[in-house]
Amino acid sequence: MTEEIAKVYSPDAIEPRWAREWIERQLYRPPSDAAPERFALVIPPPNITGSLHMGHMLEHTEIDILMRWHRMRGASVLWLPGTDHASIATQMIVEQELGREALPQLEGKPESKSAWRREGQRRRREMGHEKFLERCWEWKEQNGGTIRRQMERLGASVDWTRDRFTMDPAYSRAVAEVFARLYEEGLIYRGKYIVNWCPRCGTAVSDLEVIHEERPGHLWYIRYPFENGKGYLVVATTRPETMLGDTAVAVNPSDERYRASVGRKIVLPLLGRAIPVVADDFVDPKFGTGAVKVTPAHDPNDFEISERHNLPRIEVIDDEARMTAEAGPYQGLDRFEAREAVVQDLRERGQLEKIEDYALSVGTCQRCKTVVEPRLSTQWFMKMKQLAAPAIRVVEDGRIRIVPENYRKIYLDWMENIHDWCVSRQLWWGHRIPAWYCEACGQVIVARETPQSCPKCHTKDLRPDDDVLDTWFSSALWPFATLGWPEETEDLRRYYPNDLMIMGFDILFFWGARMIMMGMKFMKDVPFRELYIHALVRDAERQKMSKTKGNVLDPLEVTEKYGTDAVRFALAISAAPGTDIAFSNDKVESYRAFANKIWNAARFILMNLEKPPAAFREQLAEGLQPPAGLGLGAVAAPESLALADRWIFSRLATVTRELNEALETFRFHEAASTIYHFFWHELCDWYLEWLKPEITAIHSGELPPAARAAWTNLMRVFEASLHLLHPFMPFITEELWHRLPRVRHETSLSLAPFALVGERVADPVSEKQFQIVQELIVLARNAKAETGAQKEKPSAQVASEDLRILELLRAHQETIQRLAGLKALNFTRGRMTADPSVRVGSGFDLRLLHEQSVDPAAERARLQKEKEKLERQLAQSKKQLDDQNFVSRAPREVVRGAEHRFEELSAHLKKVLEALGKMS
RNA sequence: AGGCCCGUAGCUCAGCCUGGUUAGAGCGCUACCUUGACACGGUAGAGGUCAACGGUUCGAGUCCGUUCGGGCCUACCA
């Protein structure tokens with residue numbers, strides 16, 4: 001059996017097996033019998049076009065830790081998985097595929113992608129809605145499962161029986177229902193307004209999908225001559241090509257310089273159109289010349305001016321960003337070519353006054369980086385102010401807690417300044433807008449099911465709306481639509497509101513905010529009680545990971561290399577709320593070492609467990625089952641072992657409490673470092689070492705009581721540790737847990753209780769005592785190392801005035817000798833006479849009796865250094881105690897602590913000085 | 001134009017909310033150790049004017065203000 005346990009942990013040998021088993025057994029389907037508590041969370045649905053990146057990995061790690069933790073604490077846990085149809089991303093991929101099929105000869109050419117896209121768009125229109133959507137579904141079936149397979153491999157404890165997709169038939173019905181209700185209430189309207197138009201994607205996009213970036217540009221100052229009489233106005237513009245669509249020039253009504261011009265007519269350069277000068281408060285007299293050209297069809301502000309002054313709207317740029325017939329001689333030019341041409345022509349005609357450098361904020365399409373064109377277009381909009389009000393209220397009054405808290409302000413600020421949302425997209429893949437137009441009478445019909453005839457004129461000639469909804473429209477319904485809404489299902493009753501939502505900051509507005517609005521609107525309740533915003537995973541140099549930079553780490557690759565548990569742990573221990581994570585393979589490597597450490601601790605235990613008689617192992621298995629409702633404690637052992645037992649159980653109790661507290665507040669890094677430190681530097685470094693003789697000894701016949709106690713307590717501590725580690729490292733802990741001796745064969749550690757050790761075993765006195773023993777051991781090792789005697793096994797003397805300390809140390813003499821590497825140890829009551837080799841501990845002195853002579857120069861240097869340090873500390877301490885203000889005003893225990901410290905430092909320094917004195 | 005975050009050991013970060021022993025961790029570094037769990041290991045160690053200045057306080061890495069440096073977000077000024 002011992003041969004079965006490999007010397008080095010190899011995750012690839014066990015992870016896929018457990019991942020499969022967890023799914024096959026449907027372990028993470030919440031039990032239908034009502035547990036006293038439930039904990040529900042829906043996944044932020046990844047795109048079907050995507051594959052897992054480090055951000056998902058972090059998100060899923062954090063969620064999975066919490067889900068496993070809640071589950072082990074007895075809650076009925078639902079983590080509902082699913083994917084998002086990603087309207088624009090999917091359509092672009094499928095179009096590109098179509099183009100590639102049509103033009104295979106472009107393979108490898110630099111311009112192939114955009115050529116394929118254009119060809120793909122053409123072929124889409126050619127094949128029509130039905131055929132194209134078939135292709136999309138086909139693509140989804142073939143490629144949309146990537147994320148699911150990855151999540152399965154990584155062991156996410158989701159309920160796959162409830163897997164959802166935003167275009168499931170039931171889900172789509174919910175989308176239509178929401179659209180119809182909002183339309184009926186007047187919260188959705190259709191109209192011709194300025195929208196953000198991406199000429200490359202060929203669709204409108206929402207404000208959030210426009211990325212603003214500062215770019216160097218120019219301000220062109222153009223002379224606009226008056227129609228009658230001499231003179232001209234000078235207007236400044238960053239986009240000269242739009243002047244072709246100007247229908248006015250605006251000035252501020254209070255601007256003295258232009259008062260006489262208001263109401264006059266101006267001749268638009270190049271085109272010769274006569275346009276008025278209007279007065280409008282929007283104009284800032286201090287900017288540029290104080291006179292603004294007004295292009296209502298291509299600028300949102302100008303559009304509003306045109307509304308106030310009833311100005312015509314002339315479209316000069318089309319949906320592919322080419323100049324229209326309205327642009328006269330510039331027709332057919334691309335907008336940027338037109339800019340060159342217009343500037344050139346103005347210059348030639350002497351109508352260009354000057355050009356200034358000017359940094360301007362350019363809006364680009366989030367998806368394709370093309371400069372977005374503000375364009376007049378008929379679209380569907382959602383009125384947001386009214387919907388936002390309750391969503392603001394629930395965050396203000398704490399019904400939804402946003403963590404970390406600074407995101408609360410960001411959320412509220414955005415919500416309070418919200419604009420109407422353009423929800424229609426000129427795309428085909430997605431939820432078709434449930435609207436029809438009567439060809440006979442022009443009636444607009446919004447309906448949940450396809451209408452048969454026009455309700456107004458009863459003709460049957462109805463044309464469906466061509467467009468689909470913004471993907472985020474459907475995502476906003478995710479917390480309730482996934483649970484069956486609008487049907488009043490059992491799931492909906494049981495799991496709405498969700499308890500928690502975890503997402504990245506990048507989708508707080510896109511998704512978080514909208515979920516809250518829709519939840520309040522349609523469920524009359526919050527979608528979740530807490531919203532935790534996780535960090536961004538950056539590369540080792542703190543750069544954002546991006547495909548173009550080529551610094552993207554594939555979580556699956558990293559996982560294959562180091563194991564899922566190591567990657568999870570590396571992420572968790574780095575995940576301090578509000579701080580981005582600098583991720584590197586080095587980091588993962590060090591937590592692979594941790595996994596290996598766990599593995600080898602188990603290996604040591606299990607190998608040695610072969611030594612006691614089989615009957616004892618069976619007894620041990622019984623002891624591993626904690627009595628229901630009771631926390632485990634230590635069984636009685638001889639005094640030489642009992643201190644370590646009391647100490648480790650006490651630590652275990654503390655660690656359990658700290659873990660719970662940390663996870664309650666999303667402090668993953670604290671939780672992870674707590675358990676890391678406990679397992680490695682307390683359990684392995686001290687407890688296991690302490691027990692080693694009992695564990696490794698071979699006994700003939702009946703096991704002596706000391707060994708029985710040692711084994712029992714060790715197994716309890718080790719098992720309890722596996723429980724605590726499980727949410728962070730599910731695979732290795734599951735594997736090892738199953739290898740423990742046990743009488744019952746339970747399904748999975750993930751369904752076992754989290755905390756086996758109760759608060760009751762906390763024992764501060766034992767912890768303090770253990771620390772004294774530890775201190776002696778460390779001091780002795782230190783003394784050996786500093787005198788170059790690591791290889792020796794010297795004898796040592798310990799002296800203390802405190803009889804209890806002496807007794808304590810004497811009781812653990814053998815262990816101390818073994819762990820410190822000492823040949824013998826003798827004890828003296830009282831103080832040790834000053835001597836260069838005396839070391840001072842808290843409450844005791846230690847001297848090594850070296851076999852070989854020690855270099856006096858090195859000793860003196862060491863003492864000198866110690867002296868300086870002590871003097872420094874003492875001076876500081878004295879200064880504090882001399883301060884009457886401190887002594888009279890600080891709390892008594894603080895003053896007492898300071899006094900105690902002063903005494904210790906003084907005593908220590910005295911000894912060092914004496915020792916130095918003896919040397920000279 | 002507003003707003004947010006960060007600046008602590010060579011590197012990556014905790015600690016700051018709730019002020020009080022000697023400011024912690026991981027990686028890296030140095031010395032020693034292949035000891036029958038583990039070299040993905042063990043033992044010991046070096047390394048910090050907590051960005052700067054000022055304030056509050058008996059006491060500031062921690063609270064407040066200012067400055068400098070870095071990052072990010074929101075916004076309809078041509």
Side-chain angles (χ1 to χ4, degrees), chain A residues 5 7-9 194 207 212 219 235-239 242 250 282-284 286-295 299-304 358 360-361 374 404-407 409-410 413-414 417 419 505-506 508-509 536 540-542 544 562 566 570 573-574 576 578-584 586-587 589-608 667 669-670 673 676-677 684-685 688-689 692 695-696 778 781-786 788 790-791 820-821 869 873 876-877 880 883-891 893-895 897-898 900-901 904-905:
Chain A
I5 310 173
K7 196 171 171 182
V8 173
Y9 172 56
I194 296 277
D207 294 345
H212 294 274
L219 260 185
V235 301
T237 181
T238 54
R239 299 197 57 195
T242 62
F282 165 78
V283 182
D284 176 3
K286 290 191 286 293
F287 190 90
T289 61
V292 186
K293 57 191 274 311
V294 180
T295 323
D299 182 282
N301 293 311
D302 294 1
F303 178 83
E304 282 174 24
Y358 184 73
L360 70 157
S361 170
E405 211 179 325
N406 52 302
Y407 289 111
K409 268 186 280 179
I410 296 174
D413 188 60
W414 188 77
N417 297 299
H419 298 293
F505 173 69
D506 54 336
L508 176 60
F509 306 139
L536 216 61
E541 275 75 48
R542 298 192 49 75
K544 263 189 192 178
Y562 301 105
I573 206 163
S574 314
T579 311
D580 286 349
I581 294 172
F583 189 86
S584 64
D586 284 1
K587 229 173 214 177
E589 213 167 303
S590 64
Y591 298 106
R592 177 184 64 180
F594 181 45
N596 193 51
K597 187 74 185 177
I598 298 169
W599 182 259
N600 272 286
R603 180 168 181 262
F604 172 66
I605 292 170
L606 294 172
M607 273 166 49
N608 283 291
R667 306 177 71 82
H669 67 303
E670 266 182 22
S673 22
Y676 176 93
H677 183 264
C684 290
D685 288 354
L688 225 40
E689 292 300 333
K692 225 168 203 174
I695 299 305
T696 51
V778 170
R781 286 168 175 169
N782 177 304
K784 279 176 67 178
E786 277 188 358
Q790 288 106 322
K791 287 181 205 170
K869 191 181 169 193
Q873 290 174 339
Q876 222 175 353
S877 174
Q880 191 180 32
D883 186 344
Q884 273 315 301
N885 278 321
F886 171 71
V887 178
S888 58
R889 295 209 203 183
E893 67 268 20
V894 172
V895 177
H900 181 67
R901 175 167 149 75
E904 279 200 336
L905 288 170

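None of these values were measured; they are calculated from a predicted model. Just so we're on the same page: letters track the sequence lines, and every chain starts at 1.
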Could you state the atom-to-atom distance from [atom1] of [X] to [atom2] of [N] in whole Å?
| X | N | atom1 | atom2 | result |
| --- | --- | --- | --- | --- |
| Lys784(A) | A31(B) | NZ | P | 20 Å |
| Leu508(A) | C5(B) | CG | C1' | 15 Å |
| Gln790(A) | A44(B) | CD | C1' | 7 Å |
| Trp414(A) | C72(B) | CH2 | C1' | 18 Å |
| Tyr9(A) | C38(B) | OH | C1' | 15 Å |
| Arg603(A) | G41(B) | CZ | P | 15 Å |
| Glu304(A) | C77(B) | CD | P | 12 Å |
| Trp599(A) | A37(B) | CH2 | P | 17 Å |

Answer with base, sugar-phosphate or nothing: what part of the nucleic acid does [X] contact at a heavy-atom distance below 4.0 Å?
| X | result |
| --- | --- |
| Thr579(A) | sugar-phosphate |
| Ala890(A) | base |
| Asp302(A) | nothing |
| Pro891(A) | base |
| Asp284(A) | base |
| Lys7(A) | sugar-phosphate |
| Ala593(A) | base |
| Ser590(A) | sugar-phosphate |
| Lys791(A) | sugar-phosphate |
| Tyr358(A) | sugar-phosphate |
| Asn782(A) | sugar-phosphate |
| Lys692(A) | base |
| Val283(A) | base |

To the nearest 0.5 Å, how far apart are [atom1] in [X] and [atom2] in [Y]?
| X | Y | atom1 | atom2 | answer |
| --- | --- | --- | --- | --- |
| Ile695(A) | Met607(A) | CD1 | CE | 13.0 Å |
| Tyr676(A) | Lys597(A) | OH | NZ | 9.5 Å |
| Lys587(A) | Ser574(A) | NZ | OG | 3.5 Å |

query = If you write RNA chain B from 5' to 3' in dot-bracket form, with Watson-Crick or G-U pairs under 3.5 Å, [ ] for crossing pairs and | for pairs with another strand, what do you get?
reply = (((((((..((((......[...)))).(((((.......))))).....(((((..]....))))))))))))....

Separation of the [atom1] atoms in [N] and [M], to the nearest angstrom:
| N | M | atom1 | answer |
| --- | --- | --- | --- |
| A75(B) | G28(B) | C1' | 45 Å |
| G20(B) | G2(B) | P | 36 Å |
| A1(B) | C13(B) | P | 30 Å |
| G3(B) | U18(B) | P | 23 Å |
| U8(B) | U62(B) | P | 14 Å |
| G15(B) | C63(B) | P | 11 Å |
| G24(B) | G47(B) | C1' | 14 Å |
| G61(B) | A9(B) | C1' | 14 Å |

ask   = Do the numbers put Lys692(A) on top of the ring of Phe604(A), so that NZ or CZ is under 6.0 Å from the six-membered ring centre and no more than 45° off the axis?
value = yes

request  = May I ask you to decide if Asp302(A)'s main-chain N or O and Asp299(A)'s side chain share a donor-acceptor pair within less than 3.5 Å?
outcome  = yes

ask   = So, is Lys597(A) close to the G42(B) phosphate, meaning a side-chain N or O under 4.0 Å from OP1 or OP2?
value = yes

query = A14(B) phosphate, OP1 or OP2: any side-chain N/O from Arg667(A) under 4.0 angstrom?
reply =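 It does not, given that no N or O in the side chain of Arg667(A) lies less than 4.0 Å from OP1 or OP2 of A14(B).
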
request  = Find out whether Phe505(A) and Ile410(A) are in side-chain contact, i.e. whether some heavy atom of one side chain is under 4.5 Å from a heavy atom of the other.
outcome  = yes

request  = Would you check if Val8(A) and Asn596(A) make a side-chain contact, meaning some heavy-atom pair closer than 4.5 Å?
outcome  = yes

key: By ring-ring contact (aromatic ring centres under 6.0 Å, His included) - contacts of Tyr562(A) (at least two apart)   =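 Expected list: none.
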
query = Who are the ring-ring contact (aromatic ring centres under 6.0 Å, His included) partners of His419(A), not counting sequence neighbours?
reply =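 Counting only residues at least two positions away or on another chain, His419(A) forms no ring-ring contact (aromatic ring centres under 6.0 Å, His included).
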
message = Looking at every non-hydrogen atom in both residues, tell me the closest pair between Arg239(A) and Pro374(A) and how far apart they are.
response = NH1-CD, 3.9 Å

inquiry  = For His419(A) and Arg781(A), find the nucleotide of RNA chain B closest to each by heavy atoms; which residue's nucleotide sits nearer the 5' end?
reply    = Arg781(A)

remark   = Of Asn406(A) and Asp413(A), the one whose nearest nucleotide on RNA chain B sits closer to the 5' end is Asn406(A)

request  = Begin from the C-alpha positions of Leu606(A) and Ile5(A) and carry the test side-chain contact (heavy atoms from CB on, under 4.5 Å) through to its verdict.
outcome  = CA-CA 9 Å; Leu606(A) 294 172; Ile5(A) 310 173; 3.7 Å; yes

From C-beta outward on [X], which listed nucleotide comes closest to its side chain: [options]?
| X | options | answer |
| --- | --- | --- |
| Gln880(A) | G20(B), U74(B), C38(B) | G20(B) |
| Ala576(A) | C4(B), A78(B), A14(B) | A14(B) |
| His669(A) | A37(B), C76(B), A14(B) | A14(B) |
| Ala785(A) | C38(B), A44(B), U43(B) | A44(B) |

ask   = Got a donor-acceptor pair under 3.5 Å from the side chain of Glu689(A) to the base of A37(B)?
value = yes

